[in-house]
Every structure is written in C-alpha cells, then in structure tokens.
Amino acid sequence: MSDGDVAGGINAASHAARTDMCIGVGGSPEGIVTACAIKALGGHIQGRLWPRDDEERQRGIDAGLDIDKVYEADDLVKGSNTIFVATGVTDGQLVKGVRREGGYLFTESVVLRGASGTLRRISSEHLVSKWL
C-alpha cells in the first residue's frame, strides 16, 4: 500500500472489511489519526517510532519520546471521545472521491465517534452554482 495508510488501518478494524491486519511504516500524524478512528471502532493499534535518521531519532528523544517503546492506542490518543472525519477527494477504500454530474458535486464523508462507537456515512450533493 503506497498511499492510504490511514484507510488501511481503519479497514483492519472495521467489522465489515475483509482485512484482518495492517502493518507498515507511516508518518506519526497518520498514526495518531488512525488511532482516533480505531478507538472509535473498538479495534486495536500498536505503534513504534521509526526515525529515518540519527537527527530524527535525537529530535524524538529531545521531545521526551521513548524510541523503543511500543505505544498502545491510549498512549497515542488520550480519552475515549475521539472524533475522526474524512471526506474523499479521490476514490479509496474508505470513501468515494468527488464526482461531478451536471451542476452538482457529490461527496462522501465518514464520521467516527469514540464515545458512542458510531460510524456515520454522509453523502452530500453540492450545487455548483452556489460555489461561484
């Protein structure tokens, strides 16, 4: 998976997906965002820092991070009322991308809320003439 590491992680936690596990190296922001979504889905996530070089390793240590620690979801995201929202730009595993048909744009979004364990899909129609 060259892109879509957030969607891949979420798919692995989704009850309806055929993916059981997602393993890989991605960016720290993507790991935190994925942890928010996975907490809402009741899934499990673990992550370790993977510095690209000695300078990045030292910046992590200087920030008080444990480079060798395996971080769990609650280490990555405090609290249980997480919110994850994504709207597709291009078609992906999680949501459809933007489509234009006549004078309308169609978008699909997903909203996950940790406190209730709710996943909402929102399909929207946007009147293009209102955007000009």
Heavy atoms of Leu76 and Tyr71 approach each other most closely as CD2-CB, 3.8 Å
Side-chain donor-acceptor pairs of residues 20-49 under 3.5 Å, sequence neighbours excluded:
{"residue": "Thr34", "atom": "OG1", "partner": "Glu30", "partner atom": "O", "Å": "2.7"}
{"residue": "Lys39", "atom": "NZ", "partner": "Asp74", "partner atom": "OD1", "Å": "2.7"}
{"residue": "Lys39", "atom": "NZ", "partner": "Val77", "partner atom": "O", "Å": "2.8"}
{"residue": "Lys39", "atom": "NZ", "partner": "Gly79", "partner atom": "O", "Å": "2.5"}
{"residue": "Gln46", "atom": "NE2", "partner": "Glu72", "partner atom": "OE2", "Å": "2.9"}

Could you walk me through whether Val95 and Arg121 pass the side-chain contact (heavy atoms from CB on, under 4.5 Å) test, one step at a time?
CA-CA 9 Å; Val95 289; Arg121 290 195 177 276; 4.0 Å; yes
Rounded to the nearest 0.5 Å, how far apart are OG of Ser129 and OH of Tyr104?
7.5 Å
Set out, in order, the CA-CA distance, both residues' side-chain angles and the distance that settles side-chain contact (heavy atoms from CB on, under 4.5 Å) for Val110 and Val85, then state yes or no.
CA-CA 6 Å; Val110 64; Val85 180; over 6 Å; no
Can Gln58 and Asp54 be counted as having a side-chain donor-acceptor contact under 3.5 angstrom?
no
With a cutoff of under 4.5 Å between side-chain heavy atoms, which Ile, Leu, Val, Met, Phe, Trp and Tyr residues group with Leu105?
Val98, Val128
Pairing residues for Arg113 by the side chain to side chain donor-acceptor pair (under 3.5 Å) criterion, not counting sequence neighbours
Asn81
Using modelled atom types and a 3.5 Å cut-off, is there a donor and acceptor pairing between side-chain atoms of Asp91 and backbone atoms of Gly97?
yes
Worked verdict on Thr107 versus His126 for side-chain contact (heavy atoms from CB on, under 4.5 Å)
CA-CA 8 Å; Thr107 60; His126 310 272; 2.8 Å; yes
Hey, could you give me the CG/CZ distance between Leu65 and Arg57, rounded to the nearest 0.5 Å?
11.5 Å
Given Trp50 and Ile67, is the side-chain contact (heavy atoms from CB on, under 4.5 Å) satisfied, shown in steps?
CA-CA 8 Å; Trp50 198 269; Ile67 302 298; over 6 Å; no
